[in-house]
Amino acid sequence: MWIVRLALRRPYTFIVMAMLIAIGGVLTIARTPVDIFPEINIPVISIIWQFTGLSPNEVEGRMVTISERAMTTTVNSIEHIESQSLAGVGLIRVFFHPDASIGAADAEVTAINQTLLRTMPPGTTPPLIIRYSASNVPILQLGLESSTLSEQQLYDYGLNFIRTQLATVQGAQVPLPWGGKVRSVMVDLHPEALYAKGLSAFDVSSALGSQNVILPAGTAKIGPIEYNIRTNSSPDILETLNDLPVKQVGGATVYMRDVAQVRDGFQVQTNQIHVDGRRSALLTVLKTPTASTLDIVQRVRDALPRIKATLPPELDIKPLFDQSVFVRASIQGVLREAVIAATLTGLMILLFLGSCRSPLVIMVSIPLAILVSIITLSLFGETLNVMTLGGLALAVGILVDDATVEIENTNRNLAMGKPVIRAILDGAQQIATPAFVATLCICIVFVPVVFITGVGKYLFTPLAEAVVFAMLASYFLSRTVVPTMVRYLLPAEAHLHAPGAEHTVTDAGRIWAVHQAFNRRFERLRDGYAALLAWALGHRRIVAGVFAGFVSLSLGLFWLIGMDFFPRSTPASSACTSVARRARDSRKRSGVSRTSRT
């Protein structure tokens, strides 16, 4: 009660507090990242071994298995290991326990795999080690297409011009393009000519590798200046490589042009991207875990006109998939439902209390409680996403309880003939304990969410926090801001709640008249419910049997509903789905895979 008395004695203090909450909440909303889901921190490290030419069986036996066995004895906190062996590529995923230090695990994995190079096939390069984050997902896909440019040129522009400029966008990560043809200097061998000259492909490779080099040759000091000397055997013109000598055969020099043809070509294509039936290239933009999807997509779209100005006009950059559309629609949907719920709540209060000022108090206290919850969530590092906003929308119907009970009990005390201040104090005192217990009971319901493990922990913990923070803020506001507003707003309507006002007040307006008519019908409904309740108490066996039958039938539906992690949703873009499916199929066709799980 002391805080209610303080609010009535220092009303401007809590009015300023409410204004600060409103301003701080708006600023927090503007600065908090917006995403579709909360950050999912799954401790996973991927190790990628590469050795061109090895079959999946050899990659598994000579690289993947050795690495797996070494890590199980030297790396701490491993939960399980999964691996996949492809032609020339071995992918190992190490899953760690939730409490593992991912930084220490990364260092241990890197150290042990570096020492394994001596046991790997000669010429094996160090593995690529990547920390995996479930929040690092594609948020934008850009299709590169043209009616005149080749696939090789599309890939080249995407790799060397578009990707490098998009990499400067804050919070964005741009992997290598999909599709297209990787530009490379290709040496096409003539088997018949090689056989006639008594040469092999190794001779051609050795000649090209030993002569196409740039080597430092020391320095030369001429007078007071010391010059760097380089031996440059790399030709400036690609066709010049055809003039390289390969070997002396029978006193005659065999040149590269005699047994092969060097050209500006492309590597063997292993995946294709089709956009509107035409071969294209695909750039995927990923987000960092703590960045906002909406901000990154907007920055990329703002950068595209500047990037297009540096590219040929016949190159078209078409967004195929934009996750920000789905994020924005989801956020707007949750906000729309929350506004509808708050509006319906205000209308119900208006109907039941018959006061234009009482709903105003509630419509102010609910947003303030939500803003306090958003500020607290931001301090805890959470984002604005479907789960947190869903929790706030869920809390709207609960938040109305504290302010509604406070106002209704104050009106009841006014109907007993008490002055406004006394009615506020007595009304607050009478419901202090029940309201506090009810708030704690609602908060306790969400306590088990803290003990959830796995992906569910990262999804549902922000939802529970949003509800709990809003509930605690609502109770505090019902003890401070609500009494302050009631003190200034309800005195003008105090005569409507005076004893016998329903019979004496005739000029209160249409709202009061509608309220009185509704009350009369509600009284009849309540009397009917009391009669039904009395009948149920007199026929307990019948009621219990009907209830048990209803519960049994409901439980039988459990086997028909099915289970899934997320509800079904319509894909944002069928074109994007087709592109992703084709890319996945192309990767599968590139080689036989072998998968194992430790």
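Note that these values count all heavy atoms, side chains included, but never hydrogens, waters or copies made by symmetry.
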CG-CG distance between Leu283 and Leu176, expressed to the nearest 0.5 angstrom
9.5 Å
Quick one: side chain to side chain contact (heavy atoms under 4.5 Å, CB included) partners of Met17, sequence neighbours excluded?
Phe14, Ile21, Phe476, Leu477, Thr480, Val481
Go through the structure and list residues passing side chain to side chain contact (heavy atoms under 4.5 Å, CB included) with Phe446, not counting sequence neighbours.
Leu394, Ile442, Leu463, Ala464, Val467, Val468
Donor-acceptor check, side chain of Ser292 to backbone of Val34, threshold 3.5 angstrom: yes or no?
yes
Using the salt bridge (charged side-chain N to carboxylate O under 4.0 Å, His left out) criterion, which residues pair with Lys318? Sequence neighbours excluded.
Glu145, Asp276
Please round to the nearest 0.5 Å and tell me the distance separating atom CG of Leu116 and atom CE of Met71.
8.5 Å
Measure the spacing between OH of Tyr157 and CD1 of Ile162 and express it to the nearest 0.5 Å.
10.0 Å
Under the rule for salt bridge (charged side-chain N to carboxylate O under 4.0 Å, His left out), what residues qualify as partners of Arg328, not counting sequence neighbours?
none
Strictly distance-based, threshold 3.5 Å: is any side-chain N or O of Ser146 a donor or acceptor partner for the main-chain N or O of Glu314?
yes
Separation of Leu377 CG from Leu389 CG (nearest 0.5 Å):
9.5 Å
Could you check whether any side-chain N or O of Ser474 sits under 3.5 Å from a backbone N or O of Ala470, counting only pairs where one atom can act as donor and the other as acceptor?
no
Output yes when Asp156 and Lys181 qualify as a salt bridge under the 4.0 Å nitrogen-oxygen rule, no when they do not.
no
Using atom types as modelled and distance alone, determine if a side-chain donor or acceptor of Arg279 lies under 3.5 Å from a backbone N or O of Gln272.
no
If only atom types and distance count, is the side chain of Asn271 paired as donor or acceptor with the main-chain N or O of Gly179 below 3.5 Å?
yes
Sorted by first residue and then second, give each side chain to side chain donor-acceptor pair (under 3.5 Å) pair with at least one member in residues 103-113; sequence neighbours left out.
Ser67-Asn113, Asn76-Glu108, Asp106-Thr110, Asp106-Arg131
Residue set satisfying side chain to side chain contact (heavy atoms under 4.5 Å, CB included) with Arg299, at least two apart, ordered chain then number -> Val169, Gln170, Asp295, Ile296
How long is the straight-line distance from CD1 of Ile78 back to CD1 of Ile81, given to the nearest 0.5 Å?
4.5 Å
Any chance you could lay out the salt bridge (Lys or Arg N to Asp or Glu O under 4.0 Å) test for Asp322 and Arg301, step after step, and finish with the verdict?
CA-CA 10 Å; Asp322 187 349; Arg301 288 186 174 273; 2.9 Å; yes
Arg93: what forms a salt bridge (charged side-chain N to carboxylate O under 4.0 Å, His left out) with it, not counting sequence neighbours?
none
Let me confirm one number: the CH2-CD distance from Trp178 to Gln141, rounded to the nearest 0.5 Å.
10.5 Å
Here the side chain to side chain donor-acceptor pair (under 3.5 Å) pairs for residues 456-471, sequence neighbours left out, are none
Does Ala329 offer a backbone N or O that forms a donor-acceptor pair with the side chain of Gln332 under 3.5 Å?
no
With sequence neighbours excluded, what pairs up with Tyr475 under the ring pair (Phe, Tyr, Trp, His ring centres under 6.0 Å) test?
Phe436
Taking salt bridge (charged side-chain N to carboxylate O under 4.0 Å, His left out) as the test, write out the residues that go with Arg487, two or more places apart.
none
With Arg306 via side chain to side chain contact (heavy atoms under 4.5 Å, CB included) - residues at least two apart
Gln165, Ala303
For Asp35, run the side chain to side chain contact (heavy atoms under 4.5 Å, CB included) check against Ile139, Leu294, Thr293 and tell me which one passes.
Thr293
Please evaluate residues Ser184 and Gln267 with respect to the criterion side chain to side chain donor-acceptor pair (under 3.5 Å), reporting the C-alpha separation (whole Å), side-chain torsions for both, the decisive distance (0.1 Å), and the verdict.
CA-CA 6 Å; Ser184 299; Gln267 297 179 6; 3.2 Å; yes
Checking Thr484 now: which residues fulfil side-chain hydrogen bond (donor to acceptor under 3.5 Å, both in side chains) with it, not counting sequence neighbours?
none
